[in-house]
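Structure first, commentary second.
Reminder, nothing fancy here: chain letters follow the sequence lines and each chain counts from 1.
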Amino acid sequence: MSLRIVVCVKYVPDATGDRHFSEDLTTDRESVDGLLSELDEYAVEQALQIADDADDAEVAVLTVGPEDAGDALRKALSMGADKAVHVEDDDLHGTDVLGTSLVLAKAVEKTGYDLVVCGMASTDGTMGVLPAMLAERLGVPQVTLLSEVSVADGKVTGRRDGDAATENLEASLPAVVSVTDLSGEARYPSFKGIMAAKKKPVESLDLDDLDIDAEDVGLEGAWSKVTDATERPPRTAGTVVEDEGEGGTQLAGFLAEKKFV
Amino acid sequence: MAEVLVYVDHLDGAVRKPTLELLTLARRIGDPVAVHLGPGAEDAAKTLGEYGAVKVLAADAPEFADYLVVPKVDALQAAYDAVGPAAVLVPSSADGKEIAARLAVRIGSGLITDAVDLEAGDEGPVATQSVFAAAYTTKSRITRGTPVITVKPNSAAPEAASAAGTVEQLDVAFGELAQGTRVTSRNAREASGRPELTEAAIVVSGGRGVNGAENFHVIEELADSLGAAVGASRAAVDAGWYPHSNQVGQTGKSVSPQLYVAAGISGAIQHRAGMQTSKTIVAVNKDSEAPIFELVDYGVVGDLFQVLPQLTEQVKARKG
Ligand SMILES: Cc1cc2nc3c(=O)[nH]c(=O)nc-3n(C[C@H](O)[C@H](O)[C@H](O)COP(=O)(O)OP(=O)(O)OC[C@H]3O[C@@H](n4cnc5c(N)ncnc54)[C@H](O)[C@@H]3O)c2cc1C
Ligand SMILES: Nc1ncnc2c1ncn2[C@@H]1O[C@H](COP(=O)(O)O)[C@@H](O)[C@H]1O
């Protein structure tokens, strides 16, 4: 029986760019180049490894995002995913995490799945909650924040390195997992992979296809609202000294002046 | 006055500091009702009462430890149904955020994560967040349902305010999914004897410049002289020189201490994301062009192996 894996990937503004808010207080996706969230590359990598270890598996990558988000799908396809699903609709602009999880849940169900693989967090929103929400909406186990994951005999197992403890987890499929940046470096797309990606199918879905009410998504439908966004004032330039044998003593003087010692 | 649910983070009844901060913030919105899951409710209730909990809803069951997240969501939802609160506050730990997320879906409410401050507002609580690697400070509120908000450690100074803290049994009916993800084994992290990274007033972090696990004692000795927690950059963690649980940054912990000392760390955006809101920042780096110097209140361009030991000696001498 074939294993159907869906990887959720997000297209995000490059974190090393100068990220801003737009006038409507949503993330400005114009001024900074976008890319496949680096943390979702780990998800694609683990999905591909799980697929390699299975007798017969298919990896679909799924994104909810604007037209440009197709770039993230293409990158994942060139890494080796088999097909892509792009949920795109003008009414989605400004959707928050509750709305996004609703859309992803419908899209995952429509695509068909045994295993959903997510990244640990998106590099723009950095909430790290979507995988749990998705599991809640799908009504399947969540096996999240894994540094190690494997699938065998209809079960997913993995290691969660938590704040207070390391836990080994186990759940039956279907399930939603998320993987951390400790799970193993993601592969680079090969030239062959990039060429092959051009021929792979990309399905496009809108809200109608998913039976979702426009009122439940978008800026108007959002469950939360940003009312103010202020750029942090740049830190005032401090003192920088060259160590000429007394650097440690000078630093101690500064800490004493600030009453840290 | 409206009641506000506060999810308690504790170790066998020893309440962790972030929960006391939550109780302090909750009082700005209403009367805190604490939700304590697992053992030790009676012990915890004393502390929770001292910090303003009018009531402690307590439940203990093997499910909380044996299965991931969902049993705790079932319990928090039971508390929500019993109390009908004005808001639900949960500590921003990995578990806390997932519990809050699932509760938000269940009760059809909006979710705000990683708040660093909270105030009462005309249209419900207003949360302050620090986003885009702390380049922006935002204010947000929930527009649909009961606000569910996770709050980062070090967001408020805990203030005592005596309240009854009466323990009441919370009845929890576990749902079908409660046993979905089994915890087959658990290894508690060993205590370092140092302050908790996210709660510490001072953090001393080492990066690639430390150049080996065997050299990290230079960082630890400075940390110990200052009573600080030890942090590390991802480069140091990836190299296996220090545990991942000490990583500071986007995919590690975010810290906001009174003093942050970065040694042998260049100051990449992902590292800044986890420390940029520290009150005072100090760096030692041998490259005067390192971006970390853009953030510092005081910086020393020099070899950390020269500067740090000298600093440690001086700190010890001054402390007598
Ligand atoms: C998705 C993603 C998530 C990430 N998450 C994190 C994260 O959570 N935390 C994090 O830290 N990074 C994170 N990173 C990595 C980040 O981009 C940097 O690679 C990392 O922070 C670099 O660590 P470093 O400053 O220790 O090393 P380097 O950048 O190599 O800097 C080492 C510094 O040490 C100095 N130095 C060397 N020797 C000495 C000496 N003897 N004395 C004084 N100074 C010396 C050098 O001049 C240099 O400035 C992430 C990256 C990505 C893509
Ligand atoms: N718009 C999106 N499209 C597809 N996947 C997403 C989207 N947003 C979030 N995800 C997935 O959910 C994970 C956690 O995101 P978040 O909770 O937003 O930090 C990411 O690593 C992705 O795997």
Side-chain angles (χ1 to χ4, degrees), chain A residues 15-16 19 21 39 96-98 101 120 123 126-129 132-133 136-137 139-145 161-171 180-182 222-232 235 238-243 247-252 254-256 258 260-261, chain B residues 68-69 93-95 97-98 101-102 104-106 109-113 132-145 177 180-189 202 226 244 250-251 259 269-270 280 282 293 295-302 306-308 310-311 314-315 318-319:
Chain A
T16 59
R19 292 175 293 179
F21 280 89
L39 293 173
D96 69 355
V97 67
L98 275 118
S101 64
M120 65 186 287
T123 57
T126 66
M127 298 181 82
V129 295
M133 284 188 170
E136 177 70 38
R137 291 200 189 274
V140 302
Q142 78 166 73
V143 198
T144 46
L145 298 174
D161 292 315
D163 294 336
T166 286
E167 295 164 327
N168 286 301
L169 305 175
E170 182 186 276
T180 72
D181 58 338
L182 294 176
W223 278 258
S224 56
K225 184 181 169 70
V226 178
T227 53
D228 184 62
T230 313
E231 209 162 350
R232 227 181 133 72
R235 292 185 81 99
T239 312
V240 178
V241 298
E242 198 83 36
D243 177 36
T249 307
Q250 286 167 288
L251 196 42
F254 172 79
L255 296 184
K258 291 280 175 185
F260 288 114
V261 286
Chain B
L68 191 72
V69 172
S93 59
D95 284 30
K97 286 211 272 189
E98 294 188 333
R102 298 189 73 132
V105 169
R106 286 190 190 181
S109 286
L111 171 71
I112 291 174
T113 55
F132 295 161
Y136 273 87
T137 303
T138 61
K139 297 214 186 274
S140 338
R141 61 185 172 76
I142 299 299
T143 46
R144 293 173 73 175
L177 273 177
T181 307
R182 207 150 65 86
V183 179
T184 50
S185 68
R186 173 181 289 116
N187 271 319
R189 216 173 72 214
I202 303 181
L226 290 164
H244 174 70
Q250 193 194 334
T251 55
L259 171 65
I269 186 78
Q270 296 89 355
T280 299
V282 160
F293 285 123
L295 299 182
V296 299
D297 294 284
Y298 201 91
V300 177
V301 180
Q306 303 295 326
V307 177
L308 259 49
Q310 191 179 61
L311 174 58
Q314 291 277 331
V315 171
R318 281 175 192 263
K319 284 195 167 172

Item checked: Side chain proximity check, A:Leu251 to B:Tyr298, heavy atoms < 4.5 angstrom -> yes

Margin query: Are the side chains of B:Arg318 and A:Leu255 in contact, using a 4.5 Å heavy-atom criterion?
Written below: no

Checklist line | Under 4.5 Å from any heavy atom of chain B - which part of A:Leu169 | finding: both

Next item on the list: Measure distances from A:Met120 to the heavy atoms of chain B and classify the residue's part below 4.5 Å as side chain, backbone, both or neither.
Entry: side chain

For residues [X] and [Y], report the shortest heavy-atom separation together with the two atoms involved.
X: B:Ile269; Y: A:Ala15; result: CG1-O, 3.6 Å
X: A:Asp163; Y: B:Ser93; result: OD2-CB, 3.4 Å
X: B:Ser109; Y: A:Leu98; result: O-CD1, 3.2 Å
X: B:Ala94; Y: A:Leu145; result: CB-CD1, 3.7 Å
X: A:Ala165; Y: B:Ala188; result: CB-CA, 3.8 Å

Next item on the list: Flag yes if more than 12 heavy atoms outside B:Lys139 fall under 6.0 Å of its NZ atom; otherwise flag no.
Entry: yes

Could you state the interatomic distance from [atom1] ([X]) to [atom2] ([Y]), rounded to the nearest 0.5 Å?
X: B:Gln314; Y: A:Thr249; atom1: CD; atom2: OG1; result: 4.0 Å
X: B:Glu98; Y: A:Glu136; atom1: CD; atom2: CD; result: 12.0 Å
X: A:Asp181; Y: B:His244; atom1: CG; atom2: NE2; result: 6.0 Å
X: B:Gln250; Y: A:Leu39; atom1: CD; atom2: CG; result: 5.5 Å
X: B:Thr181; Y: A:Glu167; atom1: OG1; atom2: CD; result: 11.0 Å
X: A:Thr123; Y: B:Phe132; atom1: OG1; atom2: CZ; result: 10.0 Å

Which region of [X], side chain (C-beta onward) or backbone (N, CA, C, O), has a non-hydrogen atom less than 4.5 Å from a non-hydrogen atom of chain A, or is it both or neither?
X: B:Ala133; answer: both
X: B:Val282; answer: side chain
X: B:Val69; answer: side chain
X: B:Leu311; answer: both
X: B:Ile142; answer: both
X: B:Arg102; answer: both
X: B:Leu308; answer: neither
X: B:Leu295; answer: both

[X] side chain to [Y] main-chain N or O, any donor-acceptor pair under 3.5 Å?
X: B:Lys319; Y: A:Val261; value: no
X: A:Glu170; Y: B:Arg182; value: no
X: B:Thr113; Y: A:Gly128; value: no
X: B:Thr184; Y: A:Asn168; value: yes
X: B:Thr137; Y: A:Arg232; value: no
X: B:Thr138; Y: A:Asp228; value: no

Margin query: Only pairs of heavy atoms separated by less than 4.5 Å count here; which of A:Thr230, A:Val240, A:Asp243 has the most with chain B?
Written below: A:Thr230

Check: Are B:Asn187 and A:Thr166 linked by a side-chain donor-acceptor pair shorter than 3.5 Å?
Finding: no

Next item on the list: Mind running side-chain contact (heavy atoms from CB on, under 4.5 Å) on B:Leu68 and A:Thr144 for me, showing each step along the way?
Entry: CA-CA 9 Å; B:Leu68 191 72; A:Thr144 46; 4.1 Å; yes

Next item on the list: Could you give me the CA-CA distance, side-chain angles and deciding distance for A:Phe254 and B:Val300, then say whether side-chain contact (heavy atoms from CB on, under 4.5 Å) is met?
Entry: CA-CA 11 Å; A:Phe254 172 79; B:Val300 177; over 6 Å; no

Check: Any Lys/Arg nitrogen of A:Arg235 or B:Asp297 sitting under 4.0 Å from an Asp/Glu carboxylate oxygen of the other?
Finding: yes

Next item on the list: Look at the aromatic rings of A:Phe21 and B:Tyr136 and report parallel, tilted or perpendicular, splitting at 30° and 60°.
Entry: perpendicular

Check: What residue in B:Gln310, B:Arg141, B:Arg189 has the most heavy-atom pairs under 4.5 Å with chain A?
Finding: B:Gln310

